There are 2 protein chains.
Amino acid sequence: MQAQEGTLAKRDFCDETGTCHKISDMLSRIGDKWTVLIVSYLGERQMRFSELRNTIGNISQKMLTSTLRKLERDGFVTRTVTPSRPPRVDYALTELGRDLLVPVQALADWSVKNADRIEQARARFEQDRAG
Amino acid sequence: MQAQEGTLAKRDFCDETGTCHKISDMLSRIGDKWTVLIVSYLGERQMRFSELRNTIGNISQKMLTSTLRKLERDGFVTRTVTPSRPPRVDYALTELGRDLLVPVQALADWSVKNADRIEQARARFEQDRAG
DNA sequence: CAGTATCCCCTTGGATACTG
DNA sequence: CAGTATCCAAGGGGATACTG
């Protein structure tokens with residue numbers, strides 16, 4: 001067997017057309033502390049700023065604001081201002097944002113399914129380090 | 001239409017069983033600066049330390065070492081030492097490591113396919129900010 | 001209510017020097 | 001060759017105070 005059927009080649013996502021840069025950007029973009037959590041909440045329904053903050057619980061205003069701004073900038077969420085007193089701002093996923101959830105969900109499924117394999121590997125690693 | 005068919009609910013990957021924690025961990029784990037790049041190179045074939053360093057080009061020894069250690073710890077790569085003079089150390093993906101490439105590839109495909117939608121959203125965002 | 005501005009800590013990651 | 005040890009700069013992210 002010369003070429004393993006299950007093996008994915010580097011060029012599939014790290015070729016010379018900047019592909020690897022794109023996937024790295026995307027991963028670091030959604031791999032931060034809050035993005036996935038926020039997107040997942042907005043995946044259920046539209047929410048206001050304070051609602052998100054209260055639901056998430058331990059997020060700072062600063063990080064909620066900046067994460068939402070980045071998501072808005074990249075076209076993943078919309079920001080709708082209702083100019084009342086007090087003001088009201090609603091956030092919702094765009095089509096692109098809902099689209100993003102599909103591959104993220106796949107990675108989530110993989111993570112859950114293989115969590116104990118990783119845990120076992122870590123236990124083995126610690127074991128070997130101690131022994 | 002009460003429940004949109006394309007909408008993914010929060011609980012799908014952020015329920016109360018620690019699932020959201022797992023996906024966040026995984027994303028921040030592979031969302032760092034070097035992991036995907038290294039895993040993608042090892043996806044092509046086994047490589048030695050210096051070979052990886054030369055191929056990647058601009059990675060520091062420190063980051064290559066620590067990234068490889070984490071990958072080894074989590075069971076994604078194997079580390080094989082040949083006690084010669086000078087010593088030789090080979091790194092290769094495990095079954096689990098090759099497995100991981102599948103959902104990562106899906107996310108990579110998505111990133112490439114939607115890169116210009118994101119780019120357009122950014123351009124629009126800058127436009128609106130300026131106007 | 002929904003932010004912005006400021007300060008400060010901690011982690012990530014690069015550069016350099018040293019070792020088995 | 002394949003690391004480890006150390007120092008340092010930049011950015012992520014929290015706490016607090018202030019504003020339209």
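On a predicted model such as this, the values are computed, not experimentally measured, just so you know. Only heavy atoms go into these numbers, but all of them, side chains included; no hydrogens, no water, no symmetry mates. Each chain gets a letter, A, B and so on, in the order the sequences are listed, and its residues count up from 1.
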For this session: Say whether A:Leu107 and A:Val112 are linked into one hydrophobic cluster, either directly or through other cluster members, by side-chain heavy-atom distances under 4.5 angstrom.
Result: no
For this session: Check every atom of C:dG13, C:dG3, C:dG20 against the side chain of B:Lys33 and return the nucleotide holding the closest atom.
Result: C:dG13
Exercise. Are A:Thr82 and A:Ser84 linked by a side-chain donor-acceptor pair shorter than 3.5 Å?
Worked result: no
Seminar exercise, completed: Sorted by number, residues from residues 57-66 of chain A placing a heavy atom under 4.0 Å from DNA chain C are A:Gln61, A:Lys62, A:Thr65
Exercise. What integer distance in Å separates B:Trp34:CH2 from C:dT11:C1'?
Worked result: 18 Å
Problem set entry | A:Arg124/B:Glu72 under salt bridge (Lys or Arg N to Asp or Glu O under 4.0 Å): CA gap, chis, key distance, verdict | CA-CA 10 Å; A:Arg124 233 178 297 125; B:Glu72 187 196 0; over 6 Å; no
For this session: Grab the CD-P distance between A:Glu72 and C:dG3 for me, whole Å please.
Result: 9 Å
For this session: Answer yes if A:Met47 and A:Leu96 sit in the same cluster of Ile, Leu, Val, Met, Phe, Trp and Tyr residues linked by side chain heavy atoms under 4.5 Å apart, and no otherwise.
Result: yes
Exercise. Who are the side-chain contact (heavy atoms from CB on, under 4.5 Å) partners of A:Thr65, not counting sequence neighbours?
Worked result: A:Phe49, A:Arg69
For this session: Quick one: do A:Gln105 and A:Asp109 satisfy side chain to side chain donor-acceptor pair (under 3.5 Å)? Show the steps, please.
Result: CA-CA 6 Å; A:Gln105 176 74 52; A:Asp109 289 345; 2.9 Å; yes
For this session: Whole angstrom is fine here: how far is it from CD in A:Glu51 over to P in C:dC1?
Result: 12 Å
Exercise. In whole angstrom, what separates B:Lys70's NZ from C:dT12's C1'?
Worked result: 8 Å
Exercise. Looking at D:dG3, C:dC1, D:dA2, which one has an atom nearest to any side-chain atom of A:Pro87?
Worked result: C:dC1
For this session: Describe, as an angle rounded to 10 degrees, how the axis at the first end of the helix from C:dC1-D:dG20 to C:dG20-D:dC1 is tilted relative to the axis at the last end, five pairs per end.
Result: 40°
Exercise. Do you know the tightest heavy-atom contact between B:Leu37 and A:Cys20?
Worked result: CD1-SG, 3.4 Å
Exercise. Charged N to carboxylate O below 4.0 Å: is that the case for B:Asp90 and B:Arg79?
Worked result: no
Exercise. Run the salt bridge (Lys or Arg N to Asp or Glu O under 4.0 Å) check on B:Glu51 and B:Arg88 step by step: do they pass?
Worked result: CA-CA 11 Å; B:Glu51 208 174 356; B:Arg88 172 196 181 102; 5.7 Å; no
For this session: For A:Asp32 and D:dG11, give me the distance from atom CG to atom C1', rounded to whole Å.
Result: 13 Å
Exercise. Quick one: is D:dG3 close enough that its OP1 or OP2 comes under 4.0 Å of any side-chain N or O from B:Arg69?
Worked result: yes
Exercise. Nearest-Å distance, CG (A:Leu68) to C1' (C:dC1)?
Worked result: 14 Å
Exercise. Just how far, in rounded Å, is P of C:dC1 from CE of A:Met47?
Worked result: 14 Å
Exercise. Counting side-chain heavy atoms from C-beta on, which of C:dA2, C:dG20, C:dG3 comes nearest to A:Tyr91?
Worked result: C:dG3
Problem set entry | Length of the line joining B:Arg48:CZ and D:dA2:P, which is rounded to integer Å | 4 Å
Exercise. If only side-chain N and O atoms of A:Arg79 are considered, is one of them under 4.0 Å from the OP1 or OP2 phosphate oxygen of C:dG3?
Worked result: yes
